[in-house]
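Worksheet: the structure to be examined is printed underneath.
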Amino acid sequence: MTLKIRVIAPDKIVWDAEAEEIILPSSTGQLGILTGHIPLLTALDIGVMRVRINKEWKPIILLGGFAEVQNNDVTILVNGAEEVYNLDLEQAKEDLEKATNELEKSETNKEKIEATQLIRKAKARLQAATVNNT
C-alpha cells in the first residue's frame, strides 16, 4: 500500500503523488507517516518534508501550514513550498549567514520577526541541501 500525498500552496499544487512514507516538520517535531496511520490533523513548521518513493528520499521545503492524514491520504496545506532540485550547499550556508546578520542588525520588532523567518527558511534550505547532497 502507498500514501496519496498532496501538497497545496496558495498559488499551485506543489506535489501530487504516491509514496511509501513521509516525514513532516510538525510544530512539535518530526512526524513520520506510514500507510494505515490513524487520522490526524497537525500544524506544520517551516522545515523539510521528506518523501520516500521507491526507497529513495526526496526533500521538499515547507513554509508552514497544516497536514491532515486520513485513510492513507495526506493533504498538506502550506503557506509556500520549494521543491529541491539542485540546492547548492555553500549557497545555503551563505544565505543562513546573511539571515543571521540581518537578525543581529534588526532594531524593531517587525525587523526581528522578519529576520527570524528568514533564518528559519535558510535553515530549512540548508537541511534540504545537506539531505540532497548525501
Side-chain angles (χ1 to χ4, degrees):
M1 287 186 72
T2 59
L3 296 167
K4 174 70 174 159
I5 302 168
R6 282 180 298 283
V7 178
I8 304 166
D11 57 340
K12 64 180 177 177
I13 294 176
V14 178
W15 182 271
D16 189 0
E18 293 188 358
E20 294 125 23
E21 181 178 1
I22 183 171
I23 298 175
L24 297 169
S26 80
S27 58
T28 57
Q30 298 292 305
L31 177 63
I33 307 290
L34 296 168
T35 58
H37 198 284
I38 63 170
L40 171 75
L41 181 61
T42 187
L44 299 177
D45 207 353
I46 293 173
V48 179
M49 173 182 88
R50 294 187 308 265
V51 181
R52 185 168 59 97
I53 301 172
N54 299 324
K55 299 182 182 178
E56 289 192 25
W57 288 97
K58 175 170 179 43
I60 298 174
I61 298 167
L62 302 182
L63 304 177
F66 294 92
E68 178 186 36
V69 179
Q70 190 166 3
N71 299 325
N72 294 323
D73 282 338
V74 182
T75 303
I76 302 165
L77 303 174
V78 293
N79 299 323
E82 299 174 12
E83 286 193 72
V84 177
Y85 296 110
N86 293 317
L87 272 181
D88 181 355
L89 185 58
E90 291 307 312
Q91 182 64 48
K93 288 178 183 177
E94 189 177 308
D95 291 345
L96 178 57
E97 188 175 322
K98 285 179 187 176
T100 303
N101 290 338
E102 286 296 315
L103 180 59
E104 291 171 1
K105 291 190 290 185
S106 62
E107 296 177 7
T108 68
N109 282 342
K110 182 180 183 225
E111 289 173 344
K112 288 177 184 176
I113 291 169
E114 289 172 350
T116 300
Q117 289 295 91
L118 286 175
I119 287 173
R120 294 173 73 203
K121 290 176 186 178
K123 283 182 179 178
R125 288 184 187 108
L126 180 60
Q127 181 186 0
T130 303
V131 168
N132 214 33
N133 288 327
T134 56

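The first residue of the sequence shown is numbered 1, and numbering continues consecutively from there.
Proximity of E20 to T35: side-chain heavy atoms (C-beta onward) are nowhere separated by under 4.5 Å. In this structure, M49 and P59 have side chains that are not in contact, with every pair of non-hydrogen atoms separated by 4.5 Å or more. Side-chain contact between I5 and I33 is absent, with no heavy-atom pair separated by less than 4.5 Å.
More than 12 heavy-atom neighbours from other residues, nucleotides or ligands sit within 6.0 angstrom of CD on E111. Other residues, nucleotides and ligands contribute more than 12 heavy atoms inside 6.0 Å of the CG atom of D16.
L40 and I22 end up in the same hydrophobic cluster when Ile, Leu, Val, Met, Phe, Trp and Tyr side chains are linked at under 4.5 Å. Two different hydrophobic clusters hold V7 and I61 under the rule that ILVMFWY side chains link at heavy-atom gaps under 4.5 Å. Residues I60 and V48 are members of separate hydrophobic clusters, defined by side-chain heavy-atom contacts under 4.5 angstrom among Ile, Leu, Val, Met, Phe, Trp and Tyr. Hydrophobic clustering, with ILVMFWY side chains joined whenever heavy atoms are under 4.5 angstrom apart, keeps V14 apart from I46.
Taking both residues in full, the closest heavy atoms of P25 and Q30 are given as CA-NE2, 4.0 Å, listed atom of the first, atom of the second, then distance.
From L31, atom CG reaches atom NE2 of H37 across 5.5 Å, with rounding to the nearest 0.5 Å. Rounding to the nearest 0.5 angstrom, the gap separating the CG atom in L34 from the OG1 atom in T2 is 12.0 Å. Between atom CG of residue L24 and atom CG of residue L62 there is a gap of 7.0 Å, rounded to the nearest 0.5 Å. Rounded to the nearest 0.5 angstrom, I53 CD1 and E18 CD are separated by 9.5 Å.
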Let me have the donor-acceptor pairs involving side chains of residues 67-81, under 3.5 Å, with sequence neighbours excluded, atom names and distances please.
residue: N72; atom: OD1; partner: G36; partner atom: N; Å: 2.6
residue: N79; atom: ND2; partner: L63; partner atom: O; Å: 3.2

